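It should be emphasised that the depicted structure is a prediction, and the values quoted were computed from it without experimental measurement.
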Amino acid sequence: MKMQNFLSVVSATSASMMVAVLTVLATLVSCDGTSFPKVGGTGGVVPDFPTTQNDGEMMQEFEDYDDAPDDAEEADTTRPYGRNGSGDEGGKSRRGNEKNLEMPMSKRGDNVIRHTGYALSFNGETNCPNWVAWELTRSEASAHGSRNPDFYPDPQVDGRHQVTTQDYKGSGYTRGHMCPAGDMKWSSKAQHDCFYMSNMCPQTKDLNADSWEVLESACRRWAKSEGSVYIVCGPVFNEGRKVRYIGRQHKVRVPDGFFKVVLSMKRGHEKAIGFYYANNDRFQTMESAAMSVDEIERMTGYDFFYLVEDNLENRVEARYNLRDWD
């Protein structure tokens, strides 16, 4: 009798435990998850479990996901755009330029277009770029590819604004590169793309061939000495000045001048400098054109190199010294 009683007690206890376990499992299955911490994701909490090798791989996957943009619009403006506008050029990525330091902070209405080796913001009112931005590395500045012989309408620009070479014909102005062909000799595709008309502005012949070209050559020299430089340039339209246009099929506004800002992130020697050149035939020295990036920002209304850490950005943009670059 004692053994039978003992077995009865054990059986009853086991049944009770089984009911309790089933109750807990049913609760977990029916739970919608809102009362538990999220694992991974923006603002998520990762439980403090013991880490195995596989756990570490899972954690890395969650961390990679955390770094992803929240929506498609953000992804389009912040991700590395690659050397061909889609992520790579012959297997080569942005080589650590994940932050796209050359990209200015976009304004409302900016139409940002990405081509091999550079990006630009196109303005449908002036039919000129607002700015053109690119990184130039030591190896790229040292390349010796051939120059492209032709100019092309930009297929990414709305057809109503696809400027052609005919719009410059007989105007007295040259097709002035913003991102120069000399910086894009490292790739035949980059060389081709820098001849899109969206990368051009009406420049006087002497400015294009002399003062502006001197600055372009200096930037290539600096890319070699610094390892890489980040460059943004574009037209300046002064309010209150007489507005001038050229163009047969498309009205292209003639800039009053041009700006260029250059940043070096060489460790321990970070620096930046800006330049402004009037759009005329008078020779202008780099010394007379040099100014701080802060001054260029006030002139254009754009925030350059905003992805650089704030204290460093403020320091390098407030001062300039052309002698620091050579």
State whether a side-chain donor-acceptor pair under 3.5 Å links [X] with [Y].
{"X": "Y168", "Y": "R248", "answer": "no"}
{"X": "H250", "Y": "D167", "answer": "yes"}
{"X": "S217", "Y": "E213", "answer": "yes"}

Any side-chain heavy-atom pair of [X] and [Y] under 4.5 Å:
{"X": "V229", "Y": "E135", "answer": "no"}
{"X": "P155", "Y": "Y196", "answer": "yes"}
{"X": "V132", "Y": "N199", "answer": "yes"}
{"X": "E102", "Y": "I231", "answer": "no"}
{"X": "D110", "Y": "Y302", "answer": "yes"}
{"X": "W325", "Y": "Y320", "answer": "no"}

Have a look at D326 and tell me which of K271, R221, K224 forms a salt bridge (charged side-chain N to carboxylate O under 4.0 Å, His left out) with it.
R221

Has the side chain of [X] got a donor or acceptor atom that lies under 3.5 Å from a matching backbone atom of [Y]?
{"X": "W186", "Y": "D183", "result": "yes"}
{"X": "E140", "Y": "T137", "result": "yes"}
{"X": "N111", "Y": "S121", "result": "no"}
{"X": "D256", "Y": "N238", "result": "yes"}
{"X": "Q162", "Y": "V157", "result": "yes"}
{"X": "T174", "Y": "Q203", "result": "yes"}
{"X": "Q191", "Y": "A181", "result": "yes"}

Using 0.5 Å steps for rounding, measure from the [atom1] atom of [X] to the [atom2] atom of [Y].
{"X": "R160", "Y": "Q249", "atom1": "CZ", "atom2": "CD", "answer": "15.0 Å"}
{"X": "T126", "Y": "N123", "atom1": "OG1", "atom2": "CG", "answer": "3.5 Å"}
{"X": "N321", "Y": "I273", "atom1": "CG", "atom2": "CD1", "answer": "7.5 Å"}
{"X": "E216", "Y": "C233", "atom1": "CD", "atom2": "SG", "answer": "7.5 Å"}
{"X": "L207", "Y": "L215", "atom1": "CG", "atom2": "CG", "answer": "10.0 Å"}
{"X": "R138", "Y": "W222", "atom1": "CZ", "atom2": "CH2", "answer": "16.0 Å"}

I'd like to know whether NZ of K107 has more than 12 heavy-atom contacts from other residues, nucleotides or ligands below 6.0 angstrom.
yes

Hydrophobic clustering (ILVMFWY, side-chain heavy atoms < 4.5 Å, transitive) - are [Y] and [X] grouped together?
{"X": "Y245", "Y": "M200", "result": "no"}
{"X": "V232", "Y": "F237", "result": "no"}
{"X": "I296", "Y": "L312", "result": "yes"}
{"X": "V214", "Y": "V262", "result": "yes"}

Yes or no on side-chain contact (heavy atoms from CB on, under 4.5 Å) for F122 and L120, after CA distance, side-chain angles and deciding distance?
CA-CA 6 Å; F122 188 78; L120 64 92; 3.8 Å; yes

Please report the shortest heavy-atom distance between [X] and [Y], naming the atom on each side.
{"X": "M184", "Y": "C194", "result": "CG-CB, 3.9 Å"}
{"X": "L101", "Y": "F305", "result": "O-CD2, 3.4 Å"}
{"X": "M178", "Y": "P129", "result": "CG-CG, 4.1 Å"}
{"X": "M103", "Y": "A133", "result": "SD-CB, 4.4 Å"}
{"X": "P235", "Y": "N130", "result": "CD-O, 3.8 Å"}
{"X": "N279", "Y": "P202", "result": "ND2-O, 3.1 Å"}

Can you say whether the rings of F151 and F195 are parallel (under 30°), tilted (30 to 60°) or perpendicular (over 60°)?
perpendicular

Tell me whether the NZ or CZ atom of K260 lies within the 45° cone about the ring axis of F275 and under 6.0 Å from its centre.
no

Return all side-chain donor-acceptor pairs below 3.5 angstrom for residues 281-289, not counting sequence neighbours, or 'none' if the list is empty.
unit_1	atom_1	unit_2	atom_2	d
D281	OD1	T204	OG1	3.1
D281	OD1	D206	N	3.3
Q284	OE1	A278	N	2.8
Q284	NE2	A278	O	2.9
Q284	NE2	R282	O	3.4
T285	OG1	S288	N	3.1
T285	OG1	S288	OG	3.0
S288	OG	T285	N	3.3
S288	OG	T285	O	2.9

In this structure, is the centre-to-centre distance between the rings of F304 and F259 below 6.0 Å?
yes

Determine, step by step, whether V236 and F258 satisfy the side-chain contact (heavy atoms from CB on, under 4.5 Å) criterion, reporting the C-alpha distance in whole Å, the side-chain angles of both residues, the deciding distance to 0.1 Å, and the verdict.
CA-CA 5 Å; V236 175; F258 297 90; 5.9 Å; no

Going through the distances and angles, do W131 and T300 end up as a side-chain contact (heavy atoms from CB on, under 4.5 Å)?
CA-CA 10 Å; W131 50 259; T300 63; over 6 Å; no

Would V254 and I246 count as a side-chain contact (heavy atoms from CB on, under 4.5 Å) if you check the C-alpha gap in whole Å, the side-chain angles of each, and the deciding distance to 0.1 Å?
CA-CA 7 Å; V254 178; I246 64 170; 3.8 Å; yes

So side chain to side chain donor-acceptor pair (under 3.5 Å) across residues 141-155, not counting sequence neighbours, yields H115-D154, N148-Y152, D154-S198

Salt bridge (charged side-chain N to carboxylate O under 4.0 Å, His left out) pairs touching residues 290-310, sequence neighbours excluded, are none

